[in-house]
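Every value quoted in this text rests on a predicted model; they were computed, and no experiment measured them. Both ligands and their constituent atoms are indexed starting at 1 by order of listing.
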Amino acid sequence: IRRGFSSSIIKNGVIKNVTIIGGGQMGAGIAQVAASTGHTVTLVDTSEDILKKSRKGIEGSLKRVVKKKFADKPEAGEEFIQNVLQNVSISTDAGASVQAADLLLEAIVENLKVKQDLFGHLDELAPANTIFASNTSSLPITDIAGSTSRLDRFGGLHFFNPVPMMKLVEVVGTSTTSQETFDSLLNFSKALGKTPVSCKDTPGFIVNRLLVPYMMEALRLHERGHGSKEDIDIAMKLGAGYPMGPFELCDYVGLDTVKFIIDGWSAKDPHNPLFASSELLNKRRVLQVQVMCRG
Ligand code: NAI
């Protein structure tokens, strides 16, 4: 069924109603920030239990925000929390919750087929002018968008963890994303209080394209016997001014995640030396860098 234009939608490309699919670490964080900045949010996941946990997580995070922001006015802080929570509804019915959405933002498991199935299904149900976006870290937006018939209204909106703290959003345009869609996504990011940067749909966009090969080279450098993990971390912190060394960063991101990303890129571009593998990573033996390195 192809539905008509939803009445609420997109006045001059302004995004007010957001449906976020996936109430995990990223989805809940994005929901919190969107609701805190006056957007109406519906958070969707596969079970009520998960969604209740997401809501609790948002509430806990808001309490920490309020402790700092409303230190002298606890009542105003409590009111702020209640107002924000009122902006967030939860649902296990993605199809129903997308009916009034200006933006459908996906933050589910990092699996191309699962993302394609979700978007393909929702493309049939969502109003024609709802913009679709994915928060994927490593999959091509073009491949995800290909499951829909709204290639001009599809882009990437890549947030960073933890979302309430991290200022950056990478806005990703494919070769078919319209300028209007791209501008809406840029303006939405600004309305969230974030700083957007414009990216092309290339592996890792900007941040991960630089960061992942950097972490991989640190692993390979260590494997070549050219430095201990501890020394490499200390060197990059004290010599390059990075807040974490590459091994700490690897642990923070998660070894499985780093491996998943590099394997995916290497499968597409096997001769790119930046995407070469690491034995240590393949055996997941990078862990346990001393926390004393932490600055
Ligand atoms: P997560 O595992 O914390 O949350 C994923 C959520 O999606 C889970 O609650 C799961 O129940 C739900 N889900 C899975 N399939 C679903 C479906 N078909 N319909 C509805 N809900 C479904 O994952 P996380 O870390 O929040 O990552 C989500 C996405 O964001 C991934 O694509 C990831 O690559 C990306 N990302 C992750 C970052 C991170 O540092 N964790 C940073 C930037 C992007």
(request) State whether the number of non-hydrogen atoms from other residues, nucleotides or ligands found under 6.0 Å of Glu79 atom CD is greater than 12. (result) no

(request) For the residue pair Ser137 and His158, confirm or rule out a side-chain donor-acceptor distance under 3.5 Å. (result) yes

Could you list the donor-acceptor pairs under 3.5 angstrom formed between side-chain atoms of residues 186-197 and any protein atom two or more places apart in sequence or on another chain?
residue	atom	partner	partner atom	Å
Asn187	ND2	Asp183	O	3.2
Ser189	OG	Leu185	O	2.8
Lys194	NZ	Val163	O	2.6
Lys194	NZ	Met166	O	2.9

Which residue and atom name correspond to the protein heavy atom nearest [atom], and how close is it?
{"atom": "atom 26 (O) of ligand 1", "value": "Met26 N, 2.8 Å"}
{"atom": "atom 32 (O) of ligand 1", "value": "Glu110 OE1, 2.5 Å"}
{"atom": "atom 5 (C) of ligand 1", "value": "Ala107 O, 3.8 Å"}
{"atom": "atom 18 (N) of ligand 1", "value": "Ile108 CD1, 4.0 Å"}

Can you list the atoms of ligand 1 that are under 4.0 Å from a heavy atom of [X]?
{"X": "Ser137", "result": "34 (O), 35 (C), 36 (N), 37 (C), 42 (C), 43 (C), 44 (C)"}
{"X": "Phe159", "result": "42 (C), 43 (C)"}
{"X": "Lys115", "result": "31 (C), 32 (O)"}
{"X": "Gly22", "result": "7 (O)"}
{"X": "Gly24", "result": "3 (O), 4 (O), 6 (C), 9 (O), 26 (O)"}
{"X": "Ile21", "result": "19 (N), 20 (C)"}
{"X": "His158", "result": "43 (C), 44 (C)"}
{"X": "Ile50", "result": "9 (O), 11 (O)"}

(request) Determine, counting only non-hydrogen atoms of the protein, whether one lies under 4.0 angstrom from atom 34 (O) of ligand 1. (result) yes

(request) Considering only protein heavy atoms, determine whether one is less than 4.0 Å from atom 41 (N) of ligand 1. (result) yes

Under 3.5 Å, side chain of [X] to main-chain N/O of [Y], donor-acceptor pair present?
{"X": "Thr177", "Y": "Asp152", "value": "no"}
{"X": "Asn208", "Y": "Ser138", "value": "no"}
{"X": "Asp102", "Y": "Asn17", "value": "yes"}

Using residues 112-120 as the side-chain source, report each donor-acceptor pair under 3.5 Å to any protein atom, sequence neighbours left out, with the distance given to one decimal.
residue	atom	partner	partner atom	Å
Lys113	NZ	Asp117	OD1	3.3
Lys113	NZ	Asp117	OD2	2.9
Lys115	NZ	Glu106	OE2	2.4
Lys115	NZ	Ile108	O	3.2
Lys115	NZ	Val109	O	3.3
Gln116	NE2	Asp143	O	2.9

So, regarding [X] and ligand 1 (criterion: nitrogen or oxygen to nitrogen or oxygen, under 3.5 Å), is there a contact or not?
{"X": "Gln25", "result": "yes"}
{"X": "Asp45", "result": "yes"}
{"X": "Asn135", "result": "yes"}

(request) Indicate yes or no: at least one non-hydrogen side-chain atom of Arg55 is less than 4.5 angstrom from one of Leu85. (result) yes

(message) Classify the ring geometry of Tyr242 against Tyr214: parallel below 30°, tilted from 30° to 60°, perpendicular beyond 60°.
(response) perpendicular

(message) Less than 4.0 angstrom from a charged side-chain N to a carboxylate O is my criterion; do Arg220 and Glu217 meet it?
(response) yes

(request) With rounding to the nearest 0.5 Å, note down the distance linking CD in Glu48 to CD1 in Ile90. (result) 5.5 Å

(request) Please confirm whether Phe160 comes under 4.0 Å of ligand 1, counting heavy atoms of the residue only. (result) no

